[in-house]
2 protein chains.
Amino acid sequence: MTSPMAARGRDVRRRLTAAAVELIAEKGWSAVSTRMLAERAGVAPGLVHYHFPSLRALLTEAAIGAMREAVAGIEPASDLVDGLLGPLDAYTGRDPVSLVFVETYLAATRDEQVRSAISALVAEFQGKVAGWLADRGVVAPEATAAVLMATIDGLMVHRALNPMARTDLRPVLRRLVEGGAVCGS
Amino acid sequence: MTSPMAARGRDVRRRLTAAAVELIAEKGWSAVSTRMLAERAGVAPGLVHYHFPSLRALLTEAAIGAMREAVAGIEPASDLVDGLLGPLDAYTGRDPVSLVFVETYLAATRDEQVRSAISALVAEFQGKVAGWLADRGVVAPEATAAVLMATIDGLMVHRALNPMARTDLRPVLRRLVEGGAVCGS
DNA sequence: ATGCGCCTTGGACAACTGCCCAAGGCGCAT
DNA sequence: ATGCGCCTTGGGCAGTTGTCCAAGGCGCAT
């Protein structure tokens, strides 16, 4: 199906996007350079522009791929707060995934292509969460999902500044999803 | 008290920090250059390193000053959600203030000096909000304040991607501060 | 008018940037 | 062994970067 050379090419592509995710987190989106990328991926500098049309295209593809992957692993649990905070525990605000999320949010502000891609990703996941909330009888599931997602992203950012115990926060977050249902019923 | 020359010097300093805030928002923290800054401030390039020891020092001072100023204007209202969302209405996620906040959060990840300054600023304001919450009988005021601040910052970021009506979100946010008090009483 | 401080200018420096390209390597069919 | 495609290399290009610095300007006391 594929020649050994083509397989090697695909491997280089993968190594470059992996290096991009690392470096976006470490240095920041606009501080990542082609030569940095090549060195981290263990390839020659010229390869970056052979496999990708531009540096921006590489960063965009890498970041969106990483975000899509991170979000794909989240499934509805019986306890929604625990289910959503579980992944959050792994994301300290200083890990690559958290930082790539925030860096990409900011990049979206300055690049329409990134903005539309991220916007779609967030909207899709938010819709999924809204569905889970609706199943549980939470009122205003759409708005609640929007607030819940924003809170999680905000907590990731704030935790990088000032690590806080997730356990203390859990009962407060529960108000978001229970306040509308339990309290009113 | 001050000579005309010294006054001129102070004016240049102010123009440079103002330009820094604009450019951090427009281009991103690490994409701001000395010459960009000088041009925007209307001064010669060499002046940047006369008035500031380094580019990083200028960006840090400018960003922290802008954040301190933005936070200083927030006072407790009778309705806390309205009081905190009022300023949020002005911050669309694409205005200089919102972007400087997020950019500086990320810069704090890579610069210990920025991190400690921002951490103190956030902690101080969070403590103030926790006090307001405690006055209103909200349970777990500290944790609630932490979640509330994170939610507001998260909403700023998400609104830049996908503008959403603030009015729809307000009742959901109210659960955060009322769930603990009203529901239980 | 001489000297002192502070502010300002514009250019120099080496290092780095994104992007491009001639030259070569490799696997494979002919 | 010859040719074809894809992948790879390293260097070149023009432009930008942070930082520094000699030279000059200005207000003011002497």
Side-chain angles (χ1 to χ4, degrees), chain A residues 1-24 26-63 103 106-107 110-114, chain B residues 1-24 26-63 103 106-107 110-114:
Chain A
M1 171 133 192
T2 60
S3 74
M5 276 281 97
R8 190 150 148 65
R10 243 174 299 114
D11 181 56
V12 168
R13 264 189 81 96
R14 223 173 301 132
R15 287 226 301 280
L16 278 173
T17 51
V21 171
E22 284 180 32
L23 287 170
I24 288 171
E26 278 174 38
K27 313 284 183 185
W29 186 282
S30 57
V32 178
S33 75
T34 55
R35 282 170 261 260
M36 238 181 216
L37 232 15
E39 193 191 8
R40 178 68 60 101
V43 302
L47 269 186
V48 172
H49 284 87
Y50 175 80
H51 287 287
F52 298 89
S54 70
L55 175 61
R56 209 166 67 163
L58 166 50
L59 295 180
T60 303
E61 180 178 324
E103 284 287 347
L106 280 173
R110 291 153 198 137
D111 185 323
E112 172 53 29
Q113 206 183 337
V114 175
Chain B
M1 171 141 190
T2 60
S3 74
M5 277 282 97
R8 191 151 147 64
R10 243 174 299 112
D11 181 55
V12 167
R13 263 188 81 95
R14 222 173 303 131
R15 288 227 299 280
L16 278 172
T17 51
V21 172
E22 284 180 33
L23 287 170
I24 288 171
E26 279 173 37
K27 315 284 183 183
W29 185 283
S30 58
V32 178
S33 75
T34 56
R35 283 169 259 263
M36 237 180 218
L37 232 16
E39 193 190 8
R40 178 69 60 101
V43 300
L47 269 187
V48 171
H49 283 86
Y50 175 80
H51 287 286
F52 298 88
S54 70
L55 174 62
R56 208 166 67 163
L58 166 50
L59 295 180
T60 302
E61 179 178 323
E103 285 287 347
L106 281 172
R110 290 152 200 138
D111 184 325
E112 173 52 29
Q113 206 183 339
V114 175

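Note that these values count all heavy atoms, side chains included, but never hydrogens, waters or copies made by symmetry. Protein chains get the first letters and strands the later ones, always in sequence-line order, with residue 1 at the start of each.
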- Nearest whole angstrom, please: distance from the C1' of D:dT8 to the CZ of A:Arg10. 17 Å

- Query: Are the charged groups of A:Lys27 and A:Glu103 less than 4.0 angstrom apart, N to O?
  - Reply: no

- Message: Going by the rule salt bridge (Lys or Arg N to Asp or Glu O under 4.0 Å), which residues pair with B:Arg35 if we only count those two or more places apart in sequence or in a different chain?
- Response: none

- Go through the structure and list residues passing side chain to side chain contact (heavy atoms under 4.5 Å, CB included) with A:Thr17, not counting sequence neighbours. A:Phe52, A:Leu58, A:Glu61, A:Ala62

- A:Leu37 CG to C:dC19 C1', straight-line distance once rounded to whole Å: 14 Å

- Looking only at heavy atoms, which two atoms of B:His49 and B:Leu55 are closest? And how far apart? NE2-N, 4.1 Å

- Quickly work out the B:Leu23 CG to D:dT17 P distance and round it to whole Å. 11 Å

- Could you tell me which nucleotide pairs with C:dT2 by Watson-Crick or G-U wobble geometry, both distances under 3.5 Å, or answer none if nothing does? D:dA29

- Query: Within the structure, does a side-chain N or O atom of B:Ser33 lie under 4.0 Å from either OP1 or OP2 of D:dT16?
  - Reply: no

- Message: Give the residues of residues 48-63 of chain A touching DNA chain C, defined as any heavy atom closer than 4.0 Å, sorted by residue number.
- Response: A:His49, A:Ser54, A:Leu55

- Would you say the side-chain atoms of A:Arg13 pair up with the backbone N or O of A:His51, donor to acceptor, closer than 3.5 Å? yes

- May I have the distance from A:Glu39 (atom CD) to D:dG10 (atom P), rounded to whole angstrom? 13 Å

- Atom-pair distance (CG on A:Leu47; P on D:dC7), nearest Å: 10 Å

- Considering residues, nucleotides and ligands other than A:Arg56, do more than 12 of their heavy atoms fall under 6.0 Å from its CZ? no

- Message: Let's test this: given Watson-Crick or G-U wobble pairing with both distances under 3.5 Å, identify the partner of D:dC7.
- Response: C:dG24

- Note on the structure: A:Met36 atom CE is separated from D:dT17 atom P, nearest whole Å, by 16 Å

